[in-house]
Trainee: 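Quick one: structure below, then a few questions.
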Amino acid sequence: MNILQFKYFFNILGRFRNFSMASSYSPVSHVIFDLDGTILDTETIYTETYRQVIESFGKTYDNELRLAITGTKEHDACRVLVESLNLPLTPTEFSLKVQALQKPALENPPIKPGAEKLICHLHHHKIPMAIATSSGEQKCKIKTASHMHLFKLFSHMVTGSTDSEVVNGKPAPDIFLITANRFPNPPPPEKCLVFEDAPNGVTGGIAAGMQVVMIPENYVPVEMTKEATLVLKSLEDFKPELFGLPPYPK
């Protein structure tokens, strides 16, 4: 095979690969984002504050516990930690200790790479977007206050820890189905694309009948990412056209 034949073969192979990738996903009309770890870089804040409170009782906050609670309702997370570590306080008391440490750090969290570009791009093309977060309403107000230019682009936000309709938190599908149903023209689940960083969130999105793009933290084992429709290292790597969304301008 000469160099021209090789280039031709490589080009055809590349086109086939792109077609194969694109055809493995279904077109969507609506997008649902998780908040913590997906849009806002807050996971390090949560990890550090949980660690401080837990270590004050002589216990250790390891990755196994971190994986168990990431993406879940706040009260559920505190209950799991208190029960798993046999801490001498109630989940509510634990939560109050953690919140006291978290509040100043959460007032201006950084935005994850690629998130603002993607959100602004989808808004420009009038793609309906919403947020499905396990956090409570008051804490979300604190976290988003310094980035309102971005969060005003969303149709709505469902806060799982304080929304009375969200009976079961992630990994249950409740929050995703409720979020979809609150769009002005509610789409069927299969027309929704979810962006998540946590295995619990991915499980919930898939259980809701939606496609899920996962951007996992570096401590998440590979085997816990296999349920996702697509796994990326960063939102900067996302190609909207794979899911029938308008591509970024060249």
Side-chain angles (χ1 to χ4, degrees), residues 34-109 112 131-144 157-179 194 196-208 214-221 223-225 227:
D34 171 51
L35 182 62
D36 295 293
T38 301
I39 297 177
L40 296 179
D41 192 1
T42 51
E43 287 304 308
T44 52
I45 297 171
Y46 283 110
T47 299
E48 180 59 21
T49 51
Y50 282 138
R51 184 189 64 78
Q52 287 183 41
V53 174
I54 288 169
E55 289 186 355
S56 71
F57 294 100
K59 302 296 179 74
T60 300
Y61 182 46
D62 58 22
N63 283 342
E64 184 177 351
L65 280 172
R66 192 176 175 187
L67 284 166
I69 67 167
T70 300
T72 62
K73 284 187 175 185
E74 293 171 8
H75 184 76
D76 290 342
C78 293
R79 177 183 52 78
V80 168
L81 293 175
V82 167
E83 292 178 357
S84 298
L85 296 170
N86 196 27
L87 299 179
L89 73 174
T90 66
T92 299
E93 291 169 336
F94 181 91
S95 178
L96 290 172
K97 285 180 175 290
V98 169
Q99 286 180 41
L101 294 173
Q102 288 175 349
K103 186 174 179 181
L106 290 173
E107 289 179 350
N108 189 25
K112 295 284 283 188
I131 293 173
T133 174
S134 295
S135 284
E137 183 177 5
Q138 188 57 40
K139 191 171 286 186
C140 284
K141 288 180 179 178
I142 294 171
K143 288 184 284 194
T144 61
M157 178 187 295
V158 177
T159 54
S161 288
T162 50
D163 193 304
S164 60
E165 283 191 48
V166 185
V167 177
N168 303 297
K170 303 173 186 177
D174 302 33
I175 192 169
F176 296 108
L177 295 172
I178 291 166
T179 302
V194 173
E196 264 283 357
D197 69 305
N200 285 319
V202 172
T203 299
I206 294 295
M214 185 183 195
I215 312 94
E217 299 288 340
N218 56 17
Y219 67 90
V220 178
E223 60 268 21
M224 296 187 75
T225 69
E227 193 176 11

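We number each residue from 1, following the sequence as shown.
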Trainee: Could you list the residues that satisfy side-chain hydrogen bond (donor to acceptor under 3.5 Å, both in side chains) with Glu165, not counting sequence neighbours?
Mentor: Arg182
Trainee: Can you list everything that forms a salt bridge (charged side-chain N to carboxylate O under 4.0 Å, His left out) with Lys97? Sequence neighbours excluded, please.
Mentor: none
Trainee: With sequence neighbours left out, write down each residue that passes side-chain hydrogen bond (donor to acceptor under 3.5 Å, both in side chains) with Thr144, or none if nothing qualifies.
Mentor: none
Trainee: Could I get the full list of side-chain contact (heavy atoms from CB on, under 4.5 Å) partners for Ala207, not counting sequence neighbours?
Mentor: Pro173
Trainee: Show every salt bridge (charged side-chain N to carboxylate O under 4.0 Å, His left out) that has at least one partner inside residues 168-177, sequence neighbours left out.
Mentor: Asp34-Lys170, Lys170-Glu196
Trainee: Checking Arg66 now: which residues fulfil side-chain contact (heavy atoms from CB on, under 4.5 Å) with it, not counting sequence neighbours?
Mentor: Glu43, Thr47, Tyr61, Asn63, Thr70, Tyr219
Trainee: Please list, chain by chain and in numerical order, all residues satisfying side-chain hydrogen bond (donor to acceptor under 3.5 Å, both in side chains) with Thr49, sequence neighbours excluded.
Mentor: Gln102
Trainee: With sequence neighbours left out, write down each residue that passes side-chain contact (heavy atoms from CB on, under 4.5 Å) with Glu137, or none if nothing qualifies.
Mentor: Lys141, Thr159, Thr162
Trainee: Restricting to pairs with a member in residues 45-59, which pass salt bridge (charged side-chain N to carboxylate O under 4.0 Å, His left out), not counting sequence neighbours?
Mentor: Glu48-Arg51, Arg51-Glu55
Trainee: Got a sec, which residues hit ring-ring contact (aromatic ring centres under 6.0 Å, His included) with Tyr46, two or more places apart in sequence or on another chain?
Mentor: none
Trainee: Partners of Asn200 by side-chain hydrogen bond (donor to acceptor under 3.5 Å, both in side chains), sequence neighbours excluded?
Mentor: none
Trainee: Can you name the residues that form a side-chain contact (heavy atoms from CB on, under 4.5 Å) with Thr225, not counting sequence neighbours?
Mentor: Met214, Pro216, Val220, Val222, Val231
Trainee: Does any non-hydrogen side-chain atom of Thr72 lie less than 4.5 Å from one of Val80?
Mentor: no
